[in-house]
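Residue numbers begin at 1 in each chain, while the letters A, B, ... track the order of the sequences.
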Number of protein chains: 2
Amino acid sequence: MVGTDAGTPRERYRAQVQQEIKAHAWEQIRAAGASALSLSAIAKRMGLSGPALYRYFAGRDELITALVRDAYRSLADAVRLRAEAGADLAALAQVLRRWALDDPQRYFLVYGTPVPGYEAPRDTTSIAAEIMAVLLEASAGVVGAATPDDREAPGPLEAHLAEHRSWDGGNPAPSSALRLALVFWTRLCGVLSLELAGHFTGMGFDPEELYTAEVRALTGG
Amino acid sequence: MVGTDAGTPRERYRAQVQQEIKAHAWEQIRAAGASALSLSAIAKRMGLSGPALYRYFAGRDELITALVRDAYRSLADAVRLRAEAGADLAALAQVLRRWALDDPQRYFLVYGTPVPGYEAPRDTTSIAAEIMAVLLEASAGVVGAATPDDREAPGPLEAHLAEHRSWDGGNPAPSSALRLALVFWTRLCGVLSLELAGHFTGMGFDPEELYTAEVRALTGG
DNA sequence: TCGCTTCTGTTATAGGTTCTAACTCATCGC
DNA sequence: GCGATGAGTTAGAACCTATAACAGAAGCGA
């Protein structure tokens with residue numbers, strides 16, 4: 001645990017209390033969703049009284065923003081770690097699915113309903129870019145493995161992406177890899193969002209079958 | 001406008017006030033999201049005082065439930081009307097996109113973050129089934145139009161769906177049509193959810209290109 | 001037309017929330 | 001030890017949901 005005990009005692013204490021607040025916040029969110037998050041309730045359960053928490057977070061919004069950032073970070077770490085361990089795109093799909101099922105409300109904090117006025121802070125967008133970079137790298141591996149016969153003529157989307165690839169982080173992957181990473185992302189989020197929101201309940205089939213079928217279609221398995 | 005003025009004067013008045021309440025509610029939701037919906041604020045803007053609204057809705061949850069139902073209904077009507085006018089699957093995709101972009105928060109009320117404990121009332125699930133029935137019908141048209149050469153061997157998902165098609169509403173469509181309707185739904189919701197939540201902002205490309213590319217891939221255009 | 005009933009809207013109130021202000025007290029560094 | 005910093009407290013303003021008790025209008029039957 002390198003870096004855990006850096007700074008002055010006060011800073012360490014402060015960081016620890018902040019972590020404790022966030023832990024209680026996650027507990028509440030898991031139980032009743034982010035909209036039910038209450039600073040007062042957290043304070044009460046920590047043996048503190050209401051306004052004490054404002055020493056640690058400027059308000060409810062700042063706490064939620066921190067939770068969103070942590071959620072983003074946990075997904076980015078999970079994906080990046082497995083990618084560095086040599087996982088291919090199909091394996092990354094399973095990482096994403098596991099991460100989502102492990103805590104649906106955490107998934108929705110990242111990919112759920114946005115607040116109209118809300119502007120994502122800079123660090124979360126950079127984490128999002130980090131995730132896309134990993135997916136892009138893995139996608140380049142898939143399209144690179146395709147035999148020349150499999151290379152279809154670039155469609156309109158590839159052409160469009162070839163001209164708008166400012167988000168590729170300098171990755172020299174072909175536009176077909178850009179397309180694959182993007183479609184991978186949207187299709188899997190599509191299945192997960194509907195599954196976790198319960199839109200498949202009562203339909204009788206197993207969402208995992210749908211998910212893995214989409215992964216197969218994407219990775220040419 | 002058949003059926004608008006049915007019932008006693010009191011019933012008509014009551015229905016009108018309920019509609020007015022919902023109109024103000026949508027206004028608030030469009031501006032600041034469903035979590036910012038306030039009965040007090042609605043009452044104030046209607047020239048009423050707080051508790052008066054409880055004559056029309058038992059509480060905040062019941063109002064939101066009514067709004068969810070109306071949102072579902074508007075999507076089902078939009079899709080069904082165009083389908084009855086002869087629209088094919090690609091055209092229905094455009095209807096869905098237009099409906100979503102027209103009011104993102106309405107989309108998220110249906111397909112956004114769910115409240116953990118919340119159980120969808122029966123009438124909304126039946127509307128969801130109605131939407132799926134329309135998509136299934138249009139999907140059957142697409143797979144029916146495919147030449148025999150295009151018919152691929154049924155994959156694992158088709159096999160799974162063939163055994164779990166309780167949601168098909170008695171439609172005798174082949175399991176490939178079930179698969180298509182399901183994948184149509186999830187892929188398009190994937191693009192729309194990410195687009196409307198702003199996850200593509202700053203990436204430079206046009207989400208509509210991605211959307212139409214997915215529609216092309218689905219309808220074999 | 002009278003009067004009863006039903007429904008609408010009111011105020012008062014309880015209890016919850018976020019958040020600010022002002023104050024007390026412990027801790028840390030010099 | 002002493003001053004500065006920071007943590008935690010209570011008090012309070014301004015919201016919110018929701019209920020209770022009451023006033024008054026509208027509808028309906030006799």
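At the phosphate of D:dT9, neither OP1 nor OP2 sits under 4.0 Å from any side-chain N or O atom of A:Ser49. The phosphate of D:dG6 has neither OP1 nor OP2 within less than 4.0 Å of any side-chain N or O from A:Tyr54. Phosphate contact (OP1/OP2 of C:dT8, side-chain N/O of B:Arg14, threshold under 4.0 Å): present.
Using a 4.0 Å heavy-atom cutoff across all strands shown, A:Tyr56 reaches sugar-phosphate atoms only and no base atom. Residue contacts for A:Arg60: at a heavy-atom cut-off of 4.0 Å it reaches the sugar-phosphate backbone alone, with no base atom in range.
With rounding to whole Å, A:Ile42 atom CD1 is found 17 Å from C:dG16 atom P. In this structure, A:Ile64 places its CD1 atom 15 Å from P of C:dT17, rounding to the nearest Å. Here C:dT20 presents its P atom at 11 Å from CG of A:Leu39, a figure rounded to the nearest Å. In this structure, CD of B:Glu62 is placed 13 Å from C1' of D:dA18, rounded to the nearest angstrom. We find that CZ of A:Arg12 is positioned 15 Å from P of D:dA7, with the value rounded to whole Å. Taking atom OH on A:Tyr13 and atom C1' on C:dC28, their separation rounds to 15 Å, with Å as the unit. Atoms CZ (A:Phe57) and C1' (C:dT18) sit 16 Å apart, rounded to a whole Å. Note: CZ (A:Arg55) to C1' (C:dA26) measures 13 Å, nearest angstrom.
Taking only side-chain atoms of A:Pro51, from C-beta outward, the nucleotide of C:dT27, D:dC16, C:dC19 with the closest atom is C:dC19. With distances taken from any side-chain atom of A:Leu48 to the nucleotides D:dC16, D:dG8, C:dT10, the minimum falls on D:dG8. When each of C:dC19, D:dT9, D:dA18 is scored by its nearest atom to the side-chain atoms of A:Ala52, the top-ranked nucleotide is D:dT9.
The base of C:dT8 is not paired with the side chain of B:Arg10 by any donor and acceptor separated by under 3.5 Å.
In this structure, A:Phe205 and A:Phe200 have tilted ring planes: the angle between them lies in the 30° to 60° band. Ring geometry for A:Trp185 versus A:Tyr111: interplanar angle over 60°, hence perpendicular rather than tilted (30 to 60°).
More than 12 heavy atoms of other residues, nucleotides or ligands sit less than 6.0 Å from atom CZ of A:Arg73. Within a 6.0 Å sphere centred on CD of B:Glu119, other residues, nucleotides and ligands contribute 12 heavy atoms or fewer.
In terms of heavy atoms, A:Asp168 sits closest to A:Arg165 at OD2-NE, 2.8 Å.
Residues A:Val17 and B:Ser40 each lie close to DNA chain D; by heavy-atom proximity, the contact nearer the 5' end of the strand is made by A:Val17.
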